[in-house]
Asker: 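Take a look at this one; I'll ask things after.
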Protein chains: 2
Amino acid sequence: MKAEIICVGTELLLGNIVNTNAQFLSQRLADLGIDVYYHSVVGDNAERLEKATKIALNRSELIIYTGGLGPTSDDLTKEIVSNILGLEMKLDNISLEKIKEYFKKSNKIMTENNIKQAILPKDCIVLKNDVGTAPGVFLDYNEKKIVLLPGPPKEMNLMFNNYVVPLIKQDYIIKSKTLKTIGIGESQLEDLIKDLIEEQTNPTIATYAKEGQVDIRITGKDRDEETIDESIKKLVEKIDKVLKNYIYSYNNKTIEEVFYNLLKEKNMKVAFCESCTGGLVSSRFTRIPGASLVFDRGIVTYSNNAKITELSVKGETLNRYSAVSSQTAIEMANGLLSKSNVDMALSTTGIAGPSGGTKTTPVGTVFIGIATKHESLAIECHFSGDRQSIQDKAASKVFDEGRKYLLKINH
Amino acid sequence: MKAEIICVGTELLLGNIVNTNAQFLSQRLADLGIDVYYHSVVGDNAERLEKATKIALNRSELIIYTGGLGPTSDDLTKEIVSNILGLEMKLDNISLEKIKEYFKKSNKIMTENNIKQAILPKDCIVLKNDVGTAPGVFLDYNEKKIVLLPGPPKEMNLMFNNYVVPLIKQDYIIKSKTLKTIGIGESQLEDLIKDLIEEQTNPTIATYAKEGQVDIRITGKDRDEETIDESIKKLVEKIDKVLKNYIYSYNNKTIEEVFYNLLKEKNMKVAFCESCTGGLVSSRFTRIPGASLVFDRGIVTYSNNAKITELSVKGETLNRYSAVSSQTAIEMANGLLSKSNVDMALSTTGIAGPSGGTKTTPVGTVFIGIATKHESLAIECHFSGDRQSIQDKAASKVFDEGRKYLLKINH
């Protein structure tokens with residue numbers, strides 16, 4: 001099945017946003033074994049949207065639109081597509097009720113123009129939107145499949161996974177497995193498994209790098225699920241032999257989720273105290289539903305005074321070794337451990353930049369402290385990138401050091 | 001001039017990478033006053049690249065390609081474009097010398113196939129690549145301008161800025177202004193400025209919604225900068241009359257940056273204590289370089305015990321009104337204010353979900369507390385969406401309530 005993705009929105013053509021929708025859909029379609037031949041982006045303009053639609057109908061069998069399903073007059077996708085296909089549009093009462101309910105729930109006023117979102121091509125399959133107002137549309141038309149989805153990624157992703165995938169699945173099976181690594185660069189990693197990458201055709205191996213982490217994605221394709229599982233398993237074993245020390249997840253969990261699960265397994269509680277990461281460690285950890293089971297508190301001590309009063313860091317330590325030092329990281333973690341009734345306290349102190357670096361302590365220097373009832377220690381790290389990138393990498397490293405520590409004390 | 005961007009590369013169609021080249025070029029072209037009408041992505045495939053090129057030649061006046069200028073046999077852009085336009089290709093000796101030099105400098109071995117990169121359409125303008133091996137191509141063909149650039153963003157960006165811009169510059173100017181709003185839905189907002197949206201052609205108005213916020217982008221185009229400034233100014237005044245209460249920035253700043261700037265202006269210090277937002281408020285605030293100037297500390301009190309010991313919330317308050325109540329929000333903020341030497345303390349307590357909601361306190365309920373030396377108060381909010389969305393909206397709301405409070409005490 002030849003697929004094309006058409007993303008509708010002037011904000012894309014102005015460069016206001018990057019086209020993550022096309023990437024998401026491309027990845028998912030690749031997983032399903034569907035070849036994507038084209039991406040197209042067109043603005044909120046009737047004439048050009050019509051032209052792009054005609055071109056797509058001429059060359060593609062599966063056409064997925066994102067965007068242009070909003071309530072305003074420049075949202076045109078449904079109208080243009082229905083018009084070209086000669087489909088009548090009518091009010092879908094079930095969708096209208098869902099929209100009304102959505103506004104009621106979120107305490108917002110529904111305006112007249114939101115009704116437009118419930119006017120859909122006759123006889124289409126309505127794709128429910130569980131997190132927004134615009135329903136999606138699935139059309140089976142002259143042996144072509146046409147899918148209209150809203151533009152906001154959160155809505156689009158959920159609707160694609162839940163409602164579109166079952167409608168476009170093929171008769172063979174695709175399965176993917178993602179191994180997640182930390183602490184090794186992409187080219188070094190690829191070099192270590194070069195022979196595996198080169199010799200494999202099914203399953204295939206692809207690597208993706210971002211913010212100090214590299215994911216390895218293994219994808220197998222077959223009519224029989226067991227055959228795929230077996231071949232993926234064998235490949236994972238081979239990769240494991242070379243990269244075991246860098247892999248923290250074999251099932252696409254984030255580093256914070258892996259750390260969370262280990263804590264839960266061991267029935268341990270954790271607390272975080274942060275300087276340079278400014279709350280990011282706590283924030284990422286509490287994105288996890290149920291974080292309260294293992295997380296007690298977090299302290300962001302940005303000023304030296306806060307480090308002293310909140311975490312009992314000694315003024316002398318700050319003077320002698322500075323706030324960015326292993327000594328301070330350890331005292332922060334110890335201070336937090338002794339005031340909160342947790343099993344493990346983790347700390348960060350460093351220089352996220354852009355300014356504040358010195359010759360001996362350049363931007364990107366971060367100390368991570370770990371304290372338990374039995375011991376305390378600090379790890380010195382050096383990260384590259386801008387302020388946000390350094391904060392992100394440091395936060396990931398905190399979870400990874402916590403993870404490695406818990407695995408170590410296991411033995 | 002109607003422009004189209006064609007990005008060539010199978011890695012885009014597989015979703016291995018996100019198309020940042022299209023975004024970069026779109027932004028730069030918008031700045032130059034050139035309308036981008038289409039983005040197209042096509043794989044490393046001769047037939048489909050040819051089709052896409054014919055479509056583009058038919059509808060666009062400026063066509064910018066990225067990708068497909070590499071040394072390998074699946075790099076086809078130059079060959080396909082030259083073939084369609086009927087242009088002979090020949091070895092460009094100056095480019096070949098530059099490539100040789102590049103390899104010498106970077107201590108790498110030049111292979112035979114790198115010579116291919118110096119074979120260019122006859123009589124084209126060669127675009128120098130100062131940071132890579134593939135030179136670019138500029139063609140003036142039947143009143144159309146055709147630009148071929150390499151795919152790696154670092155090379156492409158530099159070549160576009162240095163060598164393409166002077167070749168495609170127009171004699172009029174484009175300027176944009178973004179107003180940022182919070183607390184009003186997109187359709188309600190558009191309803192309030194419907195007449196302005198409908199009557200405007202230059203400047204134009206467009207709205208973009210995300211996570212409880214709506215941006216209004218005004219774009220003007222003229223030969224004279226002052227004329228644009230004047231017409232944008234007039235339009236902003238009109239929008240301001242209707243939406244003043246919702247607009248927090250007139251120059252595209254984030255809500256946390258606006259709050260940060262107000263605090264700095266007033267020489268005030270702030271501290272945050274968070275329950276349901278779990279550190280997100282502190283984390284977003286400390287993304288700002290120089291946050292330490294106004295930010296002292298943040299406390300994430302996830303357990304009731306942490307609320308009592310860290311923030312002196314009374315056990316009786318938690319029992320009687322529960323942790324998610326205006327009383328608790330106020331006591332949290334007061335507790336933080338009295339222990340840290342700041343001018344303003346802000347708190348959050350609520351239910352981010354997915355579980356934990358009750359009939360009287362459903363998921364999405366959040367109380368925001370504000371404490372200063374003069375008073376303390378709480379605001380009750382109800383947000384929709386999943387856990388992450390509720391946390392995001394609540395954090396934005398904290399900054400907005402802080403902002404409004406500071407503006408109020410100004411008078």
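In what follows, every chain begins at residue 1, and chains take the letters A, B, ... in the order their sequences are listed. For clarity, every value in this text was computed on a predicted model and none was experimentally measured.
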Asker: Do you know which of Ser40(B), Ala3(B), Ser26(B), Ser282(B) has the most heavy-atom pairs under 4.5 Å to chain A?
Answerer: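 Highest number of heavy-atom pairs under 4.5 Å: Ser26(B).
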
Asker: Is Lys154(A) in contact with chain B via its backbone, its side chain, both, or neither, using a 4.5 Å heavy-atom distance?
Answerer: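 Contact with chain B involves the side chain of Lys154(A) alone.
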
Asker: Between Ile288(B) and chain A, with a heavy-atom cut-off of 4.5 Å, which part of the residue counts as in contact: side chain, backbone, both or neither?
Answerer: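 It is the backbone, since no side chain atom gets that close.
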
Asker: What I'd like to find out is whether the side chain of Asp191(B) reaches to under 4.5 Å of the side chain of Asn113(A), using heavy atoms alone.
Answerer: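 When only atoms from C-beta onward are counted, Asn113(A) and Asp191(B) do touch, with a gap below 4.5 Å.
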
Asker: Against chain A, label Lys51(B) side chain, backbone, both or neither, depending on which of its atoms sit under 4.5 Å from a heavy atom there.
Answerer: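 Interface part for Lys51(B): side chain.
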
Asker: Which one wins on heavy-atom pair count under 4.5 Å against chain B: Asp74(A), Asn19(A), Val18(A)?
Answerer: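 Of the candidates given, the most pairs with chain B belong to Val18(A).
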
Asker: Under 4.5 Å heavy-atom distance to chain A, tell me which part of Gln188(B) shows up: side chain, backbone, both or neither.
Answerer: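 Contact with chain A is through both the backbone and side chain of Gln188(B).
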
Asker: What part of Ser187(B) lies closer than 4.5 angstrom to a heavy atom of chain A: side chain, backbone, both or neither?
Answerer: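 The answer is both parts of Ser187(B).
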
Asker: Should we count CD of Glu199(B) as having more than 12 external heavy atoms under 6.0 Å?
Answerer: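 Yes, the 6.0 Å shell around CD holds more than 12 heavy atoms from other groups.
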
Asker: Anything in residues 4-14 of chain B with a heavy-atom distance to chain A below 4.5 Å? Please list those residues in order.
Answerer: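 Leu12(B), Leu13(B), Leu14(B) fall under the 4.5 Å cut-off.
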
Asker: For Tyr208(B), is it the side chain, the backbone, both, or neither that has a heavy atom closer than 4.5 Å to a heavy atom of chain A?
Answerer: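 Only the side chain of Tyr208(B) comes within 4.5 Å of chain A.
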
Asker: Under a 4.5 Å cutoff for heavy-atom pairs, which residue among Arg284(A), Lys108(A), Lys339(A) has the most contacts with chain B?
Answerer: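 Heavy-atom pairs under 4.5 Å are most numerous for Lys339(A).
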
Asker: Could you tell me which of Thr111(A), Asn341(A), Asp296(A), Asn45(A) has the largest number of non-hydrogen atom pairs under 4.5 Å with chain B?
Answerer: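 With the most close heavy-atom pairs to chain B, the winner is Asp296(A).
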
Asker: Can you tell me which of Ser303(A), Ser73(A), Pro152(A), Ala291(A) forms the most heavy-atom pairs within a distance under 4.5 Å of chain B?
Answerer: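 Looking at each of Ser303(A), Ser73(A), Pro152(A), Ala291(A) in turn, Ser303(A) comes out on top.
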
Asker: Over all heavy atoms of both residues, which pair between Asn16(A) and Arg217(B) is shortest? Give the atoms and the distance, please.
Answerer: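 Smallest heavy-atom distance, with atoms named: OD1-NH1, 3.1 Å.
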
Asker: Is it the side chain or the backbone of Asp392(A) that comes within 4.5 Å of chain B heavy atoms, both, or neither?
Answerer: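 Contact with chain B is through both the backbone and side chain of Asp392(A).
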
Asker: Counting only heavy atoms closer than 4.5 Å, note whether Ala22(B) contacts chain A via side chain, backbone, both or neither.
Answerer: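 Contact with chain A is absent: no heavy atom of Ala22(B) under 4.5 Å.
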
Asker: Should the pair Arg297(A)-Glu274(B) be classified as a salt bridge under the 4.0 Å nitrogen-to-oxygen rule?
Answerer: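 Looking at Glu274(B) together with Arg297(A), the answer is no, because their closest N to O distance does not fall below 4.0 Å.
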
Asker: Is Thr72(A) close to chain B through its backbone or its side chain, or both, or neither, when contacts mean heavy atoms under 4.5 Å?
Answerer: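 Answer is both: backbone and side chain atoms of Thr72(A) are under 4.5 Å from chain B.
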
Asker: Which residue out of Glu310(A), Arg28(A), Gln27(A) racks up the most heavy-atom pairs below 4.5 Å with chain B?
Answerer: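 Heavy-atom pairs under 4.5 Å are most numerous for Glu310(A).
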
Asker: Check whether Tyr37(B) forms a cation-pi arrangement with Arg48(A) (NZ or CZ under 6.0 Å from the six-membered ring centre, at most 45° off the ring normal).
Answerer: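 The answer is yes, since Arg48(A) meets both limits relative to Tyr37(B).
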
Asker: What do the steps show when you test Lys105(A) against His382(B) for side-chain contact (heavy atoms from CB on, under 4.5 Å), and what is the final call?
Answerer: CA-CA 9 Å; Lys105(A) 249 197 193 162; His382(B) 294 273; over 6 Å; no

Asker: Any idea which of Ser384(B), Ala30(B), Pro289(B) has the most non-hydrogen atom pairs under 4.5 angstrom with chain A?
Answerer: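 Most pairs with chain A among the choices: Pro289(B).
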
Asker: For Gly15(A) and Gln23(B), work out which heavy atoms get closest and say how close.
Answerer: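 Shortest heavy-atom contact: O-NE2, 3.1 Å.
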
Asker: For chain B, find which of Ile109(A), Thr277(A), Val42(A), Leu25(A) contributes the most heavy-atom pairs closer than 4.5 angstrom.
Answerer: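 Result: the option with the highest number of such pairs is Val42(A).
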
Asker: One pair to check against side-chain contact (heavy atoms from CB on, under 4.5 Å): Ile55(A) and Ile55(B). What are the steps and the verdict?
Answerer: CA-CA 9 Å; Ile55(A) 290 170; Ile55(B) 290 170; 3.6 Å; yes

Asker: Could you pull out the closest heavy-atom pair between Ser283(B) and Ser283(A), with the gap in Å?
Answerer: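 It is CB-CB, 4.1 Å.
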
Asker: Which bit of Phe285(A) is near chain B, if near means a heavy-atom gap under 4.5 Å: side chain, backbone, both or neither?
Answerer: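 Phe285(A) has no heavy atom closer than 4.5 Å to chain B.
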
Asker: Treating Gln391(A) as the side-chain partner and Thr286(B) as the backbone partner, does any N or O pair qualify as donor plus acceptor under 3.5 Å?
Answerer: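 Side chain of Gln391(A) to backbone of Thr286(B): a pair is present.
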
Asker: Between Arg287(B) and Asp386(A) (salt bridge meaning N to carboxylate O under 4.0 Å), is one present in this structure?
Answerer: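 Answer for the salt bridge query: no.
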
